[in-house]
Amino acid sequence: MKTIQPYTPREIMTIMAAREIKNGDIVFSGTGISMLAAMAAKNINAPDSVIFFETGAIDSLLEELPFAVADPRIMYWAAANSRLTDAFATMQNPITGEKVIAILGAAQIDRYGNLNTTCIGDYHSPEIRFSGSGGGCDVASFVPRCIAFMQHEKRKFVKKLDYLTSPGQLEGNNSRQKAGLRPGGVSVVVTNLGVMRFDKDTGKMYLDKFYPSITPEKILKNTEFDMDISRATLADPPTKTELTILREECDPQRLILD
Amino acid sequence: MKTIQPYTPREIMTIMAAREIKNGDIVFSGTGISMLAAMAAKNINAPDSVIFFETGAIDSLLEELPFAVADPRIMYWAAANSRLTDAFATMQNPITGEKVIAILGAAQIDRYGNLNTTCIGDYHSPEIRFSGSGGGCDVASFVPRCIAFMQHEKRKFVKKLDYLTSPGQLEGNNSRQKAGLRPGGVSVVVTNLGVMRFDKDTGKMYLDKFYPSITPEKILKNTEFDMDISRATLADPPTKTELTILREECDPQRLILD
Amino acid sequence: MKNSLNKVIPLKQAIEQYVKNSSHISIGGFTINRNPMAAVYEIIRQKICDLHLYAHSNGTGLDELIGAGCISKLEIAYGGNGKAAPTCIHFARAAQNNEILFEDYSNYMMSLRFTAGAMGVPFLPTLSGFGSDILTKWGFSKSMRRSDPKIVDNKLAVIDNPFGDWAGASKVVLVPAINPDVTIIHVQKADATGTCSIQGLAFADIEQVKASKHVIITCEHLVTKEELRQNPDLNQIPFIHVSAVCHVPLGAYPTAVFGHYDYDSQYLRKFAIAAKNPDKFKKYQNKYIYGAKDHDAFLDIIGQERIDTITADPRTGYSVNMKRD
Amino acid sequence: MKNSLNKVIPLKQAIEQYVKNSSHISIGGFTINRNPMAAVYEIIRQKICDLHLYAHSNGTGLDELIGAGCISKLEIAYGGNGKAAPTCIHFARAAQNNEILFEDYSNYMMSLRFTAGAMGVPFLPTLSGFGSDILTKWGFSKSMRRSDPKIVDNKLAVIDNPFGDWAGASKVVLVPAINPDVTIIHVQKADATGTCSIQGLAFADIEQVKASKHVIITCEHLVTKEELRQNPDLNQIPFIHVSAVCHVPLGAYPTAVFGHYDYDSQYLRKFAIAAKNPDKFKKYQNKYIYGAKDHDAFLDIIGQERIDTITADPRTGYSVNMKRD
């Protein structure tokens, strides 16, 4: 039996996210690691999940990894090629939207799972300008479950966002609903250190899992806000099967894994 | 030179309507005589006009006359086959809508060019129920020019509609605009007796043309409301060329002309 | 289950499973084209009643359902059926005799209402209908609306344009979303998971499907996934919207299916004539609907000769020079 | 003139005729796909300035226009360009240095705004964005809006659902219509009258076209009317919306055109690297944009070898196993 290489941070993140995806889910995917997580889920634990893109392609074959959500690779062998408006309607419509799980990235996240992908500093005259919402605000508004992929750093896990691009639990408690939103937004945060979820009542982030060799304390140190770590348990590391499928079937050229 | 058969009431109506269509117009057409008028215009005086249907087909070839706006004959060789929503948006959008001229029929018309295609008697418990608006209300709301085709009878040219399905000038003066509508609605009424238009200021119907062998008085007798006949002149009858093209090119089988 | 599993079931079972007494339904097609007639006849055979039908201009299917007494409430834009019946016979009679509750909209309003349902928003705006009785005359009373959670409290709403006179509009009509319990459409091609390709005009079928909680597809051709994936641009409905797929060749007969067969104007006229007389209509139903155990048996009664007559010419998609009554 | 006449003119003339200083414009495509790059480069060559650009995610085209100083006002959802530039370099710099006025929306909001423009309504509703800074932070001030009749007075509006909690919504966000002066898109096929067939994803191109007062089409293939009429189901844009048609093979290069060519990741990376340094960028522009009198001359500089590398495989529509930087 071949021995298996230890997993990298990217690999454990990908596997942790993939485990969130259930059979039958419609996976709203971006590119990069989020695409890889969607493909890993499809190959490992959710063969009947469906990848779809805000640009309008659904269930594309993906013989090659796309590098953008407008990559021509997503237009090949799709169930349907439609338009932006159709893709977002699929999520806004609760009949289909309730089955969607989205994978999002962000520059900043706060304790309520609100995301900033717009800027650091003042909006009108930013220190650093990012790409902006794209479909992020829409998805976070519409769908019941979102996975946020983040590097776990203090400047990213902040007390106050410089700009609230995509709504999570807003200010917690039932403020999301009061604002006019359906239940939803970021429901799980997967980082290079652990997995965070949100308290059903308060809407506050808590530590659910920490990775092998990572301590809850280290995670707290990399988080600007207070976070409940009392419920945290050690994450089950990626299994040999998971790693093998991820490496050999999802990204054999290590286009994203490296 | 062949002598030409005298024209029938249907033929003069068709030609009078066709003359309203200008080159470059987009002609919203139903079936029957309205379709024939559109085809006559295209063959006689407006070769660059475009026939289109509320069902979503535009510039169809029409090798055979369609018998319904959902006839498969309109789907062949069209510039585009789209949907109901697209067709109505083309008219609601003023950029394209301003070039649309519509041809409509009705069970009743009033002096302001409002149309009833819904019912005679009480709405909830009608004496006679008709098909209803279809796209009529939409078209009359959106486009600047509509031709109404009517049989000229007192019970059809009424003081008060039993149901106002498609808005014309509403109650005249600037009531159409006040209600929230763009300028438009029925701008000309073509009947078996003559051609009526609407006063720019009052919005009231007046007699513009009466056909050879028809008198303005006869038209008044067939109209329940008062109508200004002071501006009326004798209509130029269909020319030999118009009749020949209509008969030989537009409806050689006399599917609609008879 | 609206995922990528095999959803093929017999039509009889699909109707039993999804269309119940009092269901709110919509059907695809337009007047004499692509009505899901096999499904309509199966609903009639199963004697499903008290249906609430959302229709824009679903001529033939609409009038068969009303004629069979399946419909108690109707939201409608147009009840006509081409040359055979400029006003649908049963529809007119039922309205005149207060046999159904009905409420009138325009075709664009009904299309927008399905679109709003498909988009997951409560309403969409239009500039259609100001000053018309469509805005003022409600078919369903306020008290009836308030007592039925499945019917929206207001037929429509008029609001001032919150953006001043942006786009040249001072006011806007808002029409409320429709989300039927079930929509049934007939398409040229579907695969077992429910991905569909409609050829020719789509009418409002796509919006009706996406607005619905359950969707039954009947199809001329049940094709492989591979066939449909070769041209995703032609697939208007991805499988995620579909509950059941039923393979029913000639499933829109006597209405037309572009590229496959024309409408049977002779049958439509026969239906219209029968509809005018209760006895004749009972005989018509006993022969063609109740007298056939399913659509195949119905087509046997129609006979191959009629089918040959309406079969589409491959170049034009309709039956060239067909005698049309 | 948007009728059925021949509208074919050279791209240079189309840009001169329809894109003026201070025009409000939009361009088709999405990040690295089907941007009308030949038209973008021609706008830059003609030194048209003070443009108001409506963008959802028009990556490459957007950033070249900003880099060349053509844009003064920008309404935008996303300024990224795939792997080469997760945030567009010029866009970020221009925002950070207050070189442009910008206002943020989401991709759905921008798509809906074009759709509203295409439909001729002043706004469309969505349930997106409640609680976000997209609703509260306006890039254009109230006074600037009020002084410019081409800019809507309110960025957005929030209203209570006039239909109670119909469709589960208590409130609704309304986003105002966009009607650009000019939209430019690049398509696979067009005929001389402007009817277009887009292969693969349409993004928001169709809505952008229909919302616009003038429309310039650039196309890979200028085909006969007869070719397009053979399959009207594949023609998303009928000629009535189009002002000018320009035959520009490889007109989206360096972005991709499904079925024809892939994005040139090497070029995109070169552009991104150059964009980070003003001197390098000037050299880049002098060589590739100002150094070429038109798109053909630009492609000559690129060379046939790069074109061969990105040429699409006929089975998949992209360049299989292409080295992507």
Undergrad: Which answer fits B/R182, side chain, backbone, both or neither, if we ask what part of it has an atom under 4.5 Å from a heavy atom of chain D?
TA: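 B/R182 touches chain D through side-chain heavy atoms alone.
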Undergrad: For the side-chain contact (heavy atoms from CB on, under 4.5 Å) test, which of B/I58, B/D59, B/I95 pairs with D/I240?
TA: B/I58
Undergrad: Between B/T85 and chain D, which part of the residue has a heavy atom less than 4.5 Å away: side chain, backbone, both or neither?
TA: neither
Undergrad: Heavy-atom count check: over 12 atoms from other residues, nucleotides or ligands less than 6.0 Å from D/E226 CD?
TA: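 More than 12 heavy atoms, drawn from other residues, nucleotides or ligands, come within 6.0 Å of this atom.
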Undergrad: Quick one: does any side-chain atom of D/N235 pair with a main-chain N or O of B/A79 as donor and acceptor, under 3.5 Å?
TA: yes
Undergrad: Below 4.5 Å from any heavy atom of chain B, which atoms of D/Q236 appear? Answer side chain, backbone, both or neither.
TA: neither
Undergrad: Taking side chain as everything from C-beta outward and backbone as N, CA, C, O, which of these in D/N231 sits under 4.5 Å from a heavy atom of chain B? Side chain, backbone, both or neither.
TA: neither
Undergrad: Just checking B/Q177: does its CD atom have more than 12 heavy atoms from other residues, nucleotides or ligands closer to it than 6.0 angstrom?
TA: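 No - once you tally the heavy atoms of other residues, nucleotides and ligands closer than 6.0 Å, there are 12 at most.
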Undergrad: CD of B/E171: more than 12 outside heavy atoms within 6.0 angstrom?
TA: no
Undergrad: Non-hydrogen atoms of chain B under 4.5 Å away: do they reach the side chain of D/A177, the backbone, both or neither?
TA: neither
Undergrad: Tell me, side chain or backbone of B/M75 under 4.5 Å from chain D's heavy atoms, or both, or neither?
TA: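 Looking at B/M75, just its backbone touches chain D.
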Undergrad: Quick check on the interface: out of D/R229, D/K210, D/M119, who has the most heavy-atom pairs with chain B under 4.5 Å?
TA: D/R229
Undergrad: How about D/K150: does its NZ atom have over 12 heavy atoms from other parts shown lying under 6.0 Å from it?
TA: yes
